[in-house]
Colleague: 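Once you've had a glance at the structure underneath, I'll fire off some questions.
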There are 2 protein chains.
Amino acid sequence: MAATVLTCESCDGTIGGVRNRFPTRRGTQRATISDVAAAAGVSKATVSKFLGDKGYYISAETRERIAAAVRELEFQPNAIAQGLSNRRSNTVGVIVASITNPFYPELIAGVEEVIGESEYTLLLGSTDGRPAKEADLVRSMLQRQVDGLIMAAVTMEDEAVARLVESDVDVVLASRALDATPADTVVIDNVLGARLAVEHLLGHGHRRVAHLAGPLNVVPFRLRRDGYLEALRSAGLDVDERLVCDATTESGAAAAMTAVLAVPDPPTAVFVANDRMAIAVLEFCAARGIRVPADLAVVGFDNIWVGRLSGVGLTSVDSRARAVGRTAAQTLARRMRARHADQSVVAPPERVVLRPDLVVRRSCGCESTENDDDEIVPLFF
Amino acid sequence: MAATVLTCESCDGTIGGVRNRFPTRRGTQRATISDVAAAAGVSKATVSKFLGDKGYYISAETRERIAAAVRELEFQPNAIAQGLSNRRSNTVGVIVASITNPFYPELIAGVEEVIGESEYTLLLGSTDGRPAKEADLVRSMLQRQVDGLIMAAVTMEDEAVARLVESDVDVVLASRALDATPADTVVIDNVLGARLAVEHLLGHGHRRVAHLAGPLNVVPFRLRRDGYLEALRSAGLDVDERLVCDATTESGAAAAMTAVLAVPDPPTAVFVANDRMAIAVLEFCAARGIRVPADLAVVGFDNIWVGRLSGVGLTSVDSRARAVGRTAAQTLARRMRARHADQSVVAPPERVVLRPDLVVRRSCGCESTENDDDEIVPLFF
DNA sequence: GTGAAAGCGCTAACAA
DNA sequence: TTGTTAGCGCTTTCAC
């Protein structure tokens, strides 16, 4: 049972003449290491050694007495206090652009897969693509002394990111690399991914391929557009500026598509910079009676799970969210371990580039070749 | 610029005869309140007062000097230290069953919507439906001194939850209510939701309605099954046990459906306990050439966004994930505020029951009536 | 083997 | 208006 502090009427809430800042609080106070020490009849230091089991010698008898006290008082070490003393919080921050875009939960799950095994806990933040919120989150996480930070959403200026990377937290970028500053990075090859997509469409015989881009101040989107351009040029095709546009919302996507399709000699295919937009395009087509892929072939990017549903059948470039998350977490873990063990030798930054794959389904004009791998994942949760 | 600690060769890393535990660390040390105090030529206390701006009087001049020092040193208060001193971490934990089930990100987004405005940060955990992991997460969050906890996944024993609720953290249950112990709770009426679903199917003339249930040790799933049974009974129909079954994975769902459809006088409709499973059923039907809704009408539960895609068209009971998250966060915020302000008066626990709605689309046999509300949400992130 | 003491960075009560 | 001081709960050094 935890130490219960009773409301003590005779007591004036004073300790050594100085008023206690936290007189009597409602409920049950948590036991502290001092309580345990007192109960076991030893010093705090001994209890601490016992708890840390870092190879200190403690007599079997003392050991047993402490264990009993811990059990009795249901003692749980206060991680905040430990953190202050150790100068580490055992906590890693993960900043994503949007928790409701299925890409990110997948990435987070990858991070959890590896971090969850350790003693670390995840501090999560979602920026909704708002740079201000991103800055806020970074600040707040640094103040909370995260030991490491995975940034899967960076709209910040390169320079700000660089400052962060050079600070004394370990940072892994999981969305874009930095040109000037070397930093641990795990990304996919966005240019290649886009080329894969566009080349596939060209392979189907399309010559007028549009591109629905994301906001070009976000690096991966810019790279995807670059890949699109490259693919066209390598095929000896001219780029028609009117076929490249971006949109911000569902209705915006519809408007953009309307505009693109109104161009003389309209596109017969479109490469969309991410699946959420691609799906919006699919919906747009369904509503307008535009047949996919007969009238318009569509390829997306990210390969979120929705795309594989038989009613959707979206061909998409797999951006390996889970693998990115996993790799980023591994890189971070290695980094943190190194810092913990040794304070001077710094390994050079790692830059992992994962290879995206094109997952072919119906929307590009192929027969769905996919051998839909039955997931062994529980469906309830 | 932050205070840089240079590697000082002449210095023996000793302070007052006692060896410093953290000699010289790589990189830039963060400035502390003492650094600021020194730089501004005032005491720590004054700096603290300045930072907290809790209406302490500080001369304009001092104020300016401190501000300058803060700026100069890029001082960021250490939230861990603040937490230790204040006995609060300004952090709230959110435990969900699965981050990759779209229901939960939606709930989390709701929580963020209201918590994000405040100074609190989210500590996130996903249990994957594993009770052991759930227990671990709770422990770890308590050790990290979360000020509040939102539990959107409870497989724990009632009694354990009750102990938690009676502890000195504020807890809001967002998935099930407790029978014995009063506790802040935000849930939807699962029984009603299930009735809505089944009654709708009965309204379509179905008389043989199957139920694909979730694991019945999880309260909401049990309640949904109860609602299913109630609806049948109120309609004067017999319950055929063979039409009620559960499954664990995608292939399991397929097996369950195969079994159910093999029963003599097979069902013409099925009410599925959540959308992930319902979608698995839809996929199953598509693969087998079973037409939905002609051969089999399907209604799910949760109304995850995927259902509204034109290629899916899943009729489903909206479980108001976002609203639940938002409400839970508001309740929690109120609770934490109260605790912060006053330590004795305890408001009675709130129990909010949200009303689920049936969202009608094609899979039940209706013409899709849905007026698909263009979201004004950005599609990129 | 065990304990006393100092200190992690911050806050608040009280004195000046 | 500002400073002194005593913690918050824990870890580690160093002395016993």
Side-chain angles (χ1 to χ4, degrees), chain A residues 3 12-23 25 29-38 40-66 73 75-90 143-145, chain B residues 3 13-23 25 29-38 40-63 65-66 73 75-90 143-145:
Chain A
D12 66 349
T14 274
I15 296 173
V18 174
R19 205 176 145 56
N20 179 359
R21 281 169 56 200
F22 296 100
R25 308 188 80 206
Q29 296 275 76
R30 307 232 246 281
T32 73
I33 200 174
S34 303
D35 299 330
V36 175
V42 296
S43 73
K44 291 193 312 178
T46 308
V47 177
S48 176
K49 284 166 191 154
F50 169 84
L51 294 169
D53 71 4
K54 299 224 204 307
Y56 285 106
Y57 264 89
I58 301 174
S59 73
E61 197 224 353
T62 316
R63 195 174 278 284
E64 182 40 52
R65 291 229 309 287
I66 299 178
L73 298 172
F75 171 72
Q76 302 271 87
N78 179 329
I80 295 279
Q82 291 181 311
L84 185 56
S85 190
N86 294 330
R87 305 243 198 122
R88 53 207 307 276
S89 61
N90 276 318
Q143 291 190 183
R144 281 176 170 81
Q145 314 297 112
Chain B
T14 272
I15 296 172
V18 175
R19 210 179 141 54
N20 180 358
R21 284 170 55 199
F22 296 101
R25 310 188 79 205
Q29 297 276 76
R30 306 233 247 280
T32 74
I33 200 174
S34 303
D35 299 332
V36 175
V42 297
S43 73
K44 291 195 310 178
T46 307
V47 177
S48 176
K49 284 168 192 153
F50 169 84
L51 294 169
D53 71 3
K54 298 223 205 306
Y56 286 106
Y57 266 90
I58 302 175
S59 73
E61 197 225 355
T62 316
R63 193 174 280 283
R65 292 230 307 287
I66 299 178
L73 299 171
F75 170 72
Q76 303 271 87
N78 179 330
I80 294 280
Q82 290 181 311
L84 187 56
S85 190
N86 293 330
R87 306 244 197 119
R88 52 208 308 276
S89 61
N90 276 318
Q143 291 190 183
R144 282 176 170 80
Q145 314 297 112

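In the text below, chain A, chain B and the rest are named by the order of the sequence lines, each starting its count at 1.
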Colleague: Within the structure, does a side-chain N or O atom of B:R87 lie under 4.0 Å from either OP1 or OP2 of D:dG9?
Modeller: yes

Colleague: Nearest heavy atom decides the nucleotide; on that basis, is B:I80 or B:Y56 closer to the 5' end of DNA chain C?
Modeller: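 So the residue in question is B:I80.
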
Colleague: Supply the atom-to-atom distance A:I33 CD1 to A:L51 CG, rounded to the nearest 0.5 angstrom.
Modeller: 5.5 Å

Colleague: I need the A:Q76 CD to A:R30 CZ distance, nearest 0.5 Å.
Modeller: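 Those atoms lie 8.5 Å apart.
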
Colleague: For C:dT2, take OP1 and OP2 only and decide whether either is under 4.0 Å from a side-chain N or O of A:T62.
Modeller: yes

Colleague: Which of the following nucleotides, C:dA5, C:dT2, C:dC14, is nearest to the side chain of B:K49?
Modeller: C:dC14

Colleague: Identify, between B:G41 and A:L51, the residue whose nearest nucleotide on DNA chain D lies closer to the 5' end.
Modeller: B:G41

Colleague: Distance from B:R65 atom CZ to B:F50 atom CZ, nearest 0.5 Å?
Modeller: 12.0 Å

Colleague: To the nearest 0.5 angstrom, please state how far the CZ atom of A:R144 sits from the CD atom of B:Q82.
Modeller: 9.0 Å

Colleague: Does D:dC8 have OP1 or OP2 sitting under 4.0 Å from an N or O in the side chain of B:S85?
Modeller: no

Colleague: It should be established whether A:S59 places a side-chain nitrogen or oxygen under 4.0 Å from OP1 or OP2 of nucleotide C:dT2.
Modeller: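 Looking at the OP1 and OP2 atoms of C:dT2, one of them is under 4.0 Å from a side-chain N or O of A:S59.
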
Colleague: Atom NZ in A:K49, atom CD1 in A:I58: separation rounded to 0.5 Å?
Modeller: 7.5 Å

Colleague: Tell me: CG of A:N78 to P of C:dC8, nearest whole Å?
Modeller: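 Distance, rounded to whole Å: 18 Å.
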
Colleague: Remember a base hit wins even if backbone is also touched, and classify A:V42 as base, sugar-phosphate or nothing at under 4.0 Å, heavy atoms.
Modeller: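 Touches sugar-phosphate only.
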
Colleague: Students often get this wrong, so: under 4.0 angstrom with heavy atoms, is B:F75 touching a base, only sugar-phosphate, or nothing?
Modeller: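 Here B:F75 touches the backbone only, sparing every base.
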
Colleague: Could you state the CZ-C1' distance from B:F50 to C:dT11, rounded to the nearest angstrom?
Modeller: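 Result: 16 Å.
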
Colleague: Please state how far atom NZ in B:K44 lies from atom P in C:dT11, giving the value in whole angstrom units.
Modeller: 10 Å

Colleague: Mind calculating the distance between CG (B:L84) and P (C:dA12) to the nearest angstrom?
Modeller: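 Atom-to-atom, B:L84 to C:dA12, this comes out as 13 Å.
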
Colleague: Figure out the CG/C1' separation between A:N86 and D:dT11, and round it to whole Å.
Modeller: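 My rounded result for the distance is 6 Å.
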
Colleague: Think B:Q82 has a side-chain N or O under 4.0 angstrom from the OP1 or OP2 of C:dT11?
Modeller: yes

Colleague: Which residue lies toward the 5' end of DNA chain D, B:Y57 or B:A81, if each is placed at its nearest nucleotide?
Modeller: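 Upstream on the strand: B:Y57.
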
Colleague: In whole Å, I'd like the distance from the CZ atom of B:R30 to the P atom of C:dC10.
Modeller: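 After rounding, the reported distance stands at 11 Å.
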
Colleague: Does A:T46 place a side-chain N or O at less than 4.0 Å from the phosphate oxygens OP1/OP2 of C:dG3?
Modeller: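 For C:dG3, OP1/OP2 do have a side-chain N/O of A:T46 under 4.0 Å.
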
Colleague: Locate the shortest heavy-atom distance separating A:V36 from A:I66; write the atom from each residue and the value.
Modeller: CG1-CG2, 4.2 Å

Colleague: Using a cut-off of strictly less than 4.0 Å, decide whether B:T32 has a side-chain nitrogen or oxygen near OP1 or OP2 of C:dG9.
Modeller: no

Colleague: Would you mind reading off the distance between B:I58 atom CD1 and D:dT2 atom P, rounded to a whole angstrom?
Modeller: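 Interatomic distance, CD1 of B:I58 to P of D:dT2: 7 Å.
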
Colleague: Nearest-Å distance, CG (A:D35) to P (D:dC8)?
Modeller: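 In whole Å, D:dC8 P and A:D35 CG are 11 Å from each other.
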
